[in-house]
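Here it is, the structure in full.
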Amino acid sequence: MSKIGTKIILVTGACGQIGSELTLALRAQYGGDNVVATGHRTEPDPELRDSGPFAFIDVSRRETIESVVDRYGVDTIYHMAAILSATGEQKPQLAWDVNINGLYNVLEVARERQMVRLFCPSSIAAFGPETPRDNTPQETILRPKTMYGVTKVAGELLCDYYFHRFGLDVRGVRYPGIISSETLPGGGTTDYAVEIFYEATKHGRYTCFLREDTVLPMMYMPDCIKATIDLMDADLAQLKHHSDFNLAAFSFSPVELVAEIQKHIPDFVCEYEPDFRQEIADSWPRTIDDSAAREEWGWEPDYDLPAMVADMLEKLGQRHAEGRL
Ligand code: AKB
């Protein structure tokens, strides 16, 4: 049950790449019992399972969300469950169902219960080949060519509709590719930038599914968590945007990332075999103008490319040495 004056948070997609680290960060801030982690099918890892409540929900079945929300008295949701770009091209119907019907269910549950706040991420996938690719503006052409991108644009519009029409305080950012050392991503086009660290650490070589010169916007997980929590904590009166903030940290191509890794592992070898994900990457921006996020809620990243690479290799190297990779 909700305790008077205490925020009760639910995280969907809590076993995923961002959800798993976000849940632990929220539990550290608000207390383990006040953050309900939910997943679809994946069993939570021991740290997630033992640090607070966990429940299974299927976001495309509204009653499964309602029963967990009502059981715990949830008043704030971080809706991280989604099908990403590459899986979305292989299973477009599933992407629509999870990303659109799932979001609609979450919005309706939140509206009916007059929740305090809801976070729903968008992505650089909201942009398309007609969007300016360098320093992509906050307000620009949104004509994505992937199903994932279509659901992200529709999701941004739907979230803003709920804000203006029903007064539901929905917030979101357009995440770039996220690089992390704890939970592997799944089904995205930017996943190479995580896989490469595991392969470099374990085997000293990697075959990249994007061309070596494909520049994409990226961000390290600590900055991703900081941005997510800071936007949710921001003063509503300062926000002119709500669900569609551009967000940036740094951009690089695979060959630039390889060169940075080679500063730590000189023998590391990378080969390139572009597949269907190349076309997706070619439709996304290279660099992002995130001045609205900086002005409206003080966004500023802590990590650049060299700092991120050093930290990733230190963390994975330690796990490898302990036989835990
Ligand atoms: C993907 O590659 O699909 C995601 C994203 C950029 O939203 N990481």
Side-chain angles (χ1 to χ4, degrees), residues 12-13 15-22 78-92 94-96 98-100 102-103 119-129 131 133 136 142-156 159 172-198 208-211 214-221 223-225 227-228 243-254 257 274-288 290 293 301 308 312:
T12 71
C15 298
Q17 185 200 12
I18 302 175
S20 56
E21 293 200 43
L22 177 65
Y78 289 75
H79 178 42
M80 311 307 288
I83 301 293
L84 301 187
S85 56
T87 304
E89 285 317 282
Q90 288 159 336
K91 299 177 182 171
L94 177 69
W96 181 268
V98 173
N99 297 2
I100 293 294
L103 171 60
F119 180 84
C120 178
S122 184
S123 159
I124 53 166
F127 304 116
T131 310
R133 296 190 67 197
T136 301
L142 300 175
R143 287 186 205 276
K145 295 289 179 274
T146 61
M147 177 56 98
Y148 176 60
V150 169
T151 66
K152 286 295 156 190
V153 174
E156 287 181 6
C159 289
V173 294
R174 293 172 176 151
Y175 283 139
I178 304 298
I179 298 155
S180 65
S181 59
E182 300 306 309
T183 307
L184 278 164
T189 301
T190 57
D191 293 8
Y192 91 85
V194 183
E195 291 170 8
I196 195 169
F197 285 99
Y198 282 75
C208 182
F209 57 75
L210 295 184
R211 232 182 24 243
T214 311
V215 175
L216 288 171
M218 300 279 184
M219 177 176 289
Y220 196 30
M221 184 62 90
D223 278 330
C224 170
I225 301 295
T228 306
S243 311
D244 61 356
F245 280 101
N246 277 5
L247 193 68
F250 44 78
S251 290
F252 57 75
S253 65
L257 179 57
D275 66 15
F276 73 100
R277 289 167 280 195
Q278 185 64 49
E279 198 180 336
I280 301 175
D282 286 340
S283 74
W284 290 352
R286 285 184 282 255
T287 57
I288 301 284
D290 61 358
M308 177 277 287
M312 279 293 286

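Just so you know, ligand 1 is whichever comes first in the structure, and atom 1 is the first atom listed for that ligand.
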Open item on the list: List ligand 1 atoms under 4.0 Å from T189, heavy atoms only on the residue side.
Closed with: 1 (C), 2 (O), 3 (O)
Task: Distance (rounded to the nearest 0.5 Å) between T151 OG1 and W96 CH2 - done: 8.0 Å
TODO: Compare all side-chain heavy atoms of I18 with those of Y78 and state whether any distance is below 4.5 angstrom.
DONE: no
Open item on the list: Side chains of S85 and T189: any donor to acceptor distance under 3.5 Å?
Closed with: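 Present: a donor and an acceptor within the cut-off.
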Task: R211 atom CZ, over 12 foreign heavy atoms within 6.0 Å - done: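 Above 12, so yes.
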Open item on the list: A side-chain contact here means heavy atoms from C-beta on lying under 4.5 Å apart; do F119 and M80 qualify?
Closed with: yes
TODO: Below 4.0 angstrom from a heavy atom of L84, which ligand 1 atoms are there? Numbered from 1 as shown, please.
DONE: 3 (O)
TODO: Consider every N or O of D191 and every N or O of ligand 1, then say whether any pair is closer than 3.5 Å.
DONE: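 In fact, backbone or side chain, D191 has no N or O that close.
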TODO: Record the part of I124 in heavy-atom contact with ligand 1 below 4.0 Å; permitted values are side chain, backbone, both and neither.
DONE: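 It is the side chain that touches ligand 1; the backbone stays farther off.
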Open item on the list: Can you tell whether the side chains of E279 and K145 come within less than 4.0 Å, N to carboxylate O?
Closed with: no
Open item on the list: If the cut-off is 4.0 Å to any non-hydrogen atom of S123, which atoms of ligand 1 fall inside it?
Closed with: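 That gives atoms 5 (C), 6 (C), 7 (O) of ligand 1.
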Open item on the list: Below 3.5 Å, N or O to N or O, backbone or side chain included: is there any such pair between Y148 and ligand 1?
Closed with: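 So ligand 1 has an N or O lying under 3.5 Å from an N or O of Y148.
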Open item on the list: Please list, in number order, the atoms of ligand 1 under 4.0 Å from a heavy atom of G188.
Closed with: 1 (C), 2 (O), 3 (O)
Open item on the list: Parallel, tilted or perpendicular: which one describes the rings of Y192 and F209, with boundaries at 30° and 60°?
Closed with: perpendicular
Open item on the list: Below a 4.0 angstrom heavy-atom separation, can you tell me which part of S85, side chain or backbone, both or neither, approaches ligand 1?
Closed with: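 For S85, the contact with ligand 1 is made by both the backbone and the side chain.
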- [ ] Would you check the N or O atoms of Y175, main chain and side chain alike, for any that come under 3.5 Å of an N or O of ligand 1?
- [x]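 No, Y175 has no N/O under 3.5 Å of an N/O on ligand 1.
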Open item on the list: Among all protein heavy atoms in this structure, tell me which lies nearest to atom 8 (N) of ligand 1, with the distance rounded to 0.1 Å.
Closed with: T190 OG1, 2.9 Å
